[in-house]
Amino acid sequence: MNHIRPLIPLLITAGILIGGNGLQGTYIALRGSAEGFSPSVIGLIGAGYSVGFAIGCIYVARLLRSIGHIRTFAAMAAIAASASIALSMVIDPVFWFAMRFLIGITIASLFATVESWINSQVTNENRARTLSIYRFVDLGSVTIAQYLIPTFGIDGPVIFNIIAIALTLSLVPISIADKSGPTPPASISFDLRTVWRISPLAVVGVVAVGLSMAAFRNIGPIYAKEIGMSITSIATFMSAGIIGGVVLQYPLGVYSDKLDRRRVILWTTIGSVITGAYLSFGAGSNETANIISVFLFGAFSMPLYSLCSAHGNDHAKPGEHAVIAAGLLFFWSVGATFGPLLAAALLEFYGPRAFFLYTSFIFAGFAIYTLRRMQVRAPVPPQQRNSRFRSLLRTSAYFNRLADPADRASDKDRDADGNNRK
């Protein structure tokens, strides 16, 4: 426990950010619907966040190197809290799009700051325990946050104020952490052509995850509302999908380390197609059936990002892991930009049944592409792989470096400008 104690303030900060961000995504969808926004407009607002998130991922390293971790975090937290309060003051779709765009930039920067800071302090002795605590914090904070909505209701400024309070309070634990502050990280290299060259399957996979799972996080509450769920049931519905995503992460990861990883990706994708199809045609408006089904849907679909990342790293050369981490996160953001737009439009014009039919279509296309890649490229034997499966959060590229010592080691071979030392 002595190894973990210095990281506790940073982990608390991460929990506050993860919970507040998860709360805002669900609440924006429900509040927007209550204000009369169409599903397509809500999807556009969700896309604004994803665009901002992608921009934040690209430029945060430059900001950290310019003004340091503490000032970056303080500035971004202040902007995010202000934008959250502003959402309650002006109920307008264009204004909400602009604020969510701004919040996307700040949230990406905040996560990168915290995870870069943790990464600078973690050691091989406390790495596994730190990651376990981080995943527990992630699951617990997002689940608990969902139930603040039925507790306080969707009307008025209360939830927006709670989000702003959470963002402001996130400054407290990080302010009492190690006063020295970490060394600014090397710049993040976004060499997208190299990432595609290394693994087209990984790129297509994370885009598919972005198209489908960002739609679930942003439009899923509207689906649940359309089939007649109460606010409390919607919170349970969203939490079930998130909790389900944890259940199969490690079993699938263990099998993927021993087998052709693409086979595990293929069967997991097929599971996502089947559960999505059942939600469209079998579950109907039955709350129990929907909650159980979305739990299974999350169990199959959410591990796909980590599986695709692991597959990409199987083909990476030493020093390319950081490039893959940043590139895949960017490609995911691209999918996450368009996913809410497409899903919302289909739900608006064809009803709630179209929502999970859309995710099944996306995953079916990815399954076909996976089969194609299995025919044109031989698998990497398990004994020749450069890294093992890692359960990843899509919070920042620095989480990958935290999860894999190889990514941290590659940083040591780069100077302050991100150039190779060797």
Side-chain angles (χ1 to χ4, degrees), residues 16-60 75-112 142 145-146 148-149 154 156-168 170 210-211 213-223 225 234 238 329-330 332-345 347-348 394-396:
I16 295 172
L17 289 175
I18 292 170
N21 191 46
L23 170 63
Q24 189 167 92
T26 302
Y27 181 67
I28 286 291
L30 294 175
R31 179 63 182 271
S33 179
E35 296 291 347
F37 297 174
S38 68
S40 295
V41 169
I42 294 171
L44 181 62
I45 293 169
Y49 171 84
S50 297
V51 174
F53 189 91
I55 293 173
C57 288
I58 294 172
Y59 289 104
V60 64
M76 294 296 105
I79 294 170
S82 300
S84 298
I85 293 174
L87 286 167
S88 69
M89 299 171 64
V90 181
I91 309 298
D92 177 78
V94 176
F95 183 79
W96 276 26
F97 174 87
M99 290 301 99
R100 286 292 283 167
F101 170 78
L102 187 61
I103 289 170
I105 295 175
T106 59
I107 291 296
S109 301
L110 289 168
F111 279 131
V142 173
Q146 300 300 311
L148 292 176
I149 299 175
I154 61 175
V158 176
I159 296 295
F160 286 124
N161 291 342
I162 290 174
I163 294 168
I165 289 170
L167 289 164
T168 304
S170 70
L211 285 167
M213 301 316 295
F216 171 70
R217 295 295 290 269
N218 287 278
I219 309 300
I222 305 302
Y223 163 86
K225 182 175 180 290
I234 292 173
M238 296 302 295
L329 187 62
F330 178 83
W332 171 83
S333 298
V334 172
T337 298
F338 293 99
L341 292 171
L342 295 171
L347 187 148
E348 181 176 354
R394 296 182 295 275
T395 44
S396 81

Rounded to the nearest 0.5 Å, what's the gap from [atom1] on [X] to [atom2] on [Y]? Could you check?
X: Ile55; Y: Ser109; atom1: CD1; atom2: OG; result: 10.5 Å
X: Leu23; Y: Ser84; atom1: CG; atom2: OG; result: 9.5 Å
X: Ile28; Y: Ile42; atom1: CD1; atom2: CD1; result: 9.5 Å
X: Phe37; Y: Arg31; atom1: CZ; atom2: CZ; result: 9.0 Å
X: Leu110; Y: Ile107; atom1: CG; atom2: CD1; result: 5.5 Å
X: Ile165; Y: Ile16; atom1: CD1; atom2: CD1; result: 11.5 Å

Given Met89, which of Ile91, Ile85, Asp92, Leu87 fulfils the side-chain contact (heavy atoms from CB on, under 4.5 Å) condition?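 The passing option is Ile85.
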What is the minimum heavy-atom distance between [X] and [Y], and which atoms define it?
X: Pro221; Y: Thr26; answer: CG-CG2, 3.8 Å
X: Ala81; Y: Thr168; answer: CB-OG1, 3.9 Å
X: Ala214; Y: Pro340; answer: O-CG, 3.9 Å
X: Gly19; Y: Ala145; answer: O-CB, 3.3 Å
X: Leu167; Y: Ala77; answer: O-CB, 3.9 Å
X: Ser33; Y: Lys225; answer: OG-NZ, 3.4 Å

Could you walk me through whether Glu35 and Leu30 pass the side chain to side chain contact (heavy atoms under 4.5 Å, CB included) test, one step at a time? CA-CA 9 Å; Glu35 296 291 347; Leu30 294 175; over 6 Å; no
With sequence neighbours excluded, tell me which residues meet ring-ring contact (aromatic ring centres under 6.0 Å, His included) with [X].
X: Phe216; result: none
X: Tyr27; result: Phe160
X: Phe97; result: none

Using salt bridge (charged side-chain N to carboxylate O under 4.0 Å, His left out) as the criterion, list what pairs up with Arg100, not counting sequence neighbours. none
Kindly write out the residues that satisfy side-chain contact (heavy atoms from CB on, under 4.5 Å) with Ser50, not counting sequence neighbours, or none if the list is empty. Ala336, Thr337
Apply side chain to side chain contact (heavy atoms under 4.5 Å, CB included) to Leu211 and Leu342, showing your working. CA-CA 8 Å; Leu211 285 167; Leu342 295 171; 4.3 Å; yes
Side chain to side chain contact (heavy atoms under 4.5 Å, CB included) for Trp96 and Val41? Distances and angles first, verdict last. CA-CA 10 Å; Trp96 276 26; Val41 169; over 6 Å; no
Is the closest side-chain heavy-atom distance between Phe53 and Phe101 below 4.5 Å? no
Given side chains that start at C-beta, do those of Ile219 and Leu347 come closer than 4.5 Å, heavy atoms only? yes
Got a sec, which pairs hit side-chain hydrogen bond (donor to acceptor under 3.5 Å, both in side chains) with one end in residues 38-49, sequence neighbours left out? Asn21-Tyr49, Ser40-Glu348
